[in-house]
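Chain naming here is simple, since letters A, B, ... match the order of the sequence lines and numbering starts at 1 in each.
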Protein chains: 4
Amino acid sequence: MLNRVVLVGRLTKDPDLRYTPNGHQVATFTLAVNRTFSNQQGERQADFINCVVWRKLAENVANYLNKGSLAGVDGRLQTRTYDDKSGKRVYVTEVIAESVQFLESKKNNQSGNQNQRNSDHGPFSDTTDFPPISEDDLPF
Amino acid sequence: MLNRVVLVGRLTKDPDLRYTPNGHQVATFTLAVNRTFSNQQGERQADFINCVVWRKLAENVANYLNKGSLAGVDGRLQTRTYDDKSGKRVYVTEVIAESVQFLESKKNNQSGNQNQRNSDHGPFSDTTDFPPISEDDLPF
Amino acid sequence: MLNRVVLVGRLTKDPDLRYTPNGHQVATFTLAVNRTFSNQQGERQADFINCVVWRKLAENVANYLNKGSLAGVDGRLQTRTYDDKSGKRVYVTEVIAESVQFLESKKNNQSGNQNQRNSDHGPFSDTTDFPPISEDDLPF
Amino acid sequence: MLNRVVLVGRLTKDPDLRYTPNGHQVATFTLAVNRTFSNQQGERQADFINCVVWRKLAENVANYLNKGSLAGVDGRLQTRTYDDKSGKRVYVTEVIAESVQFLESKKNNQSGNQNQRNSDHGPFSDTTDFPPISEDDLPF
DNA sequence: TTTT
DNA sequence: TTTT
């Protein structure tokens with residue numbers, strides 16, 4: 001069934017690259033997508049959309065995008081469910097990115113940058129507040 | 001910034017029509033959008049996407065769509081935050097539908113159907129599990 | 001670069017299935033997509049969008065869709081150029097469909113229907129008014 | 001019916017701003033949208049998509065975008081028909097842009113630039129190769 | 001909390 | 001938990 005999402009926004013953090021137990025790459029990041037209209041109080045508004053990328057694209061994302069980078073995402077909406085530490089069922093809606101366009105990068109992929117890239121923690125550590133991803137979330 | 005979602009799916013329930021304190025119409029419904037591929041266990045899968053419609057379109061949705069209706073939605077992704085009964089902050093991602101296409105309706109808008117249409121409870125009762133919507137979620 | 005099109009409309013004719021010299025399947029069809037608003041004279045309006053599908057999907061389209069079928073298309077916009085019989089250069093813009101959703105079929109894929117399915121003429125005959133497609137239009 | 005297009009690309013020329021006889025603003029421009037994959041000969045490829053914007057947005061486009069600017073477009077596909085100078089009927093497919101995102105501008109809207117902005121020729125002169133637009137192409 |  |  002038709003399920004399509006297209007977004008342009010800025011990363012709120014460096015992307016987070018992990019590996020599933022079977023060695024598949026997954027990167028997660030959040031896009032801040034500014035709204036056209038400000039709210040009643042005259043404040044600019046943004047939506048914060050969680051995005052997930054798999055395989056080779058995950059590595060490209062981790063290599064070329066940082067906090068603040070402008071990116072376009074073309075993908076589909078997905079819902080997942082998981083149990084938080086208190087055992088409560090949590091419902092999440094996120095974008096599975098099928099293609100990502102790098103529109104503007106602050107730091108041009110130089111290594112050794114002071115704000116340590118947020119990756120390679122090994123699988124599924126919880127240094128991030130992004131909803132945890134398990135092996136069987138891998139699409140097809 | 002670019003923010004576009006297009007979906008085709010079936011309503012999991014009758015839509016829920018409410019009115020804000022200031023008299024604006026809001027309807028909410030959930031679309032089951034079937035995935036192309038089944039999972040490892042060979043089960044068909046679906047994503048369940050919460051949708052919100054405002055104003056006149058909210059009334060049309062409430063009048064023409066029921067549980068099981070097939071509908072197309074064109075809109076944008078939005079994130080909101082609210083506190084649940086236990087005071088815990090909850091993050092939701094949903095689609096603000098800007099246009100809705102009625103593709104197939106089971107019961108042709110006849111009134112008096114046994115499974116009582118789920119609307120007109122007055123503002124913001126909690127007979128539904130849809131994330132509560134407040135006046136200032138009204139777009140522009 | 002981001003390039004995404006999503007349409008829902010009805011086929012103006014049976015789809016046309018061909019084979020390239022190298023044996024690749026290509027189907028072409030035109031979608032009538034109704035506009036929301038009528039024109040100054042109060043007439044309902046439609047846009048007529050040419051769509052192209054390749055490989056296995058081309059066969060599915062030829063098997064499951066007929067004139068009048070309602071279909072959803074997710075794909076990308078493409079421009080091509082070719083020379084018409086009078087040698088004049090013609091520019092066409094069409095949709096390369098990457099996925100097609102069958103929403104409603106008039107005749108349920110029964111064979112032997114009176115208005116002979118418009119396919120298998122061999123490559124690139126001109127029984128159709130659809131812009132001719134050549135081998136190297138095959139995407140990747 | 002669902003009809004949605006989202007593109008990111010670069011303007012092939014300065015936008016062309018006109019006024020209809022009734023004083024409505026229309027701007028036209030062509031977006032070069034690069035393809036991901038190169039062709040058999042290993043050449044990078046692009047699609048050239050004609051876009052039309054009306055009213056206030058037309059003026060913003062004319063003011064903020066130049067040849068080479070990177071822009072995102074969210075709109076719908078439209079087909080039109082007109083007769084060329086030789087009296088031959090021509091079919092065009094183009095994007096009616098409903099919102100345009102300015103992603104990068106070469107020259108920051110400074111006036112007095114040497115390559116004279118291509119606008120204000122009065123209605124429908126033919127200094128451009130863009131398919132001519134008539135008053136009744138104005139959407140609603 | 002899920003639709004055909 | 002939020003970006004320019």
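- Checking dT3(F), dT4(E), dT2(E) against every side-chain atom of K67(A), the shortest atom distance belongs to dT3(F).
- Take A27(C) and apply the side-chain contact (heavy atoms from CB on, under 4.5 Å) test, not counting sequence neighbours, and it matches L17(C), V53(C), A58(C), V61(C).
- Partners of R44(A) by side-chain hydrogen bond (donor to acceptor under 3.5 Å, both in side chains), not counting sequence neighbours: none found.
- Checked by atom type and distance alone, the side chain of T79(A) pairs as donor or acceptor with a backbone atom of F48(B) at under 3.5 Å.
- In this structure, CE of M1(A) is placed 13 Å from C1' of dT2(E), rounded to the nearest angstrom.
- Rounded to whole Å, atom P of dT4(F) lies 15 Å from atom CG of L103(A).
- If you take NZ of K13(B) and P of dT4(E), they are 14 Å apart, rounded to a whole angstrom.
- By the side-chain contact (heavy atoms from CB on, under 4.5 Å) test, Y91(B) pairs with T81(B), R89(B), sequence neighbours left out.
- Relative to the side chain of T12(B), the nucleotides dT2(F), dT3(E), dT4(F) differ in distance, and dT3(E) lies closest.
- Under the side-chain contact (heavy atoms from CB on, under 4.5 Å) criterion, D137(B) pairs with W54(B), R80(B), I133(B), S134(B), sequence neighbours left out.
- The CG-P distance, from L65(A) to dT2(F), rounds to 21 Å in whole Å.
- In this structure N39(B) satisfies the side-chain hydrogen bond (donor to acceptor under 3.5 Å, both in side chains) test together with E43(B), sequence neighbours excluded.
- Q101(C) contributes atom CD, which lies 4.5 Å from atom CG of L2(A) (distance to the nearest 0.5 angstrom).
- When the C1' atom of dT2(F) is taken as reference, atom CG of D14(A) falls 13 Å away, rounded to whole Å.
- Between the P atom of dT4(E) and the CD atom of Q101(C) lies a distance of 15 Å, rounded to the nearest Å.
- Checked against side-chain hydrogen bond (donor to acceptor under 3.5 Å, both in side chains), E98(A) has the following partners two or more places apart in sequence or in another chain: R4(A), R76(A).
- Applying a 4.0 Å cut-off to non-hydrogen atoms, the residues of residues 29-50 of chain A that approach DNA chain F are T30(A), A32(A), N34(A), A46(A), F48(A), listed by residue number.
- Considering only residues two or more places apart in sequence or on other chains, R35(B) meets the side-chain hydrogen bond (donor to acceptor under 3.5 Å, both in side chains) condition with Q45(B), D47(B).
- Within a heavy-atom distance below 4.0 Å of DNA chain E, no residue of residues 70-77 of chain A is found.
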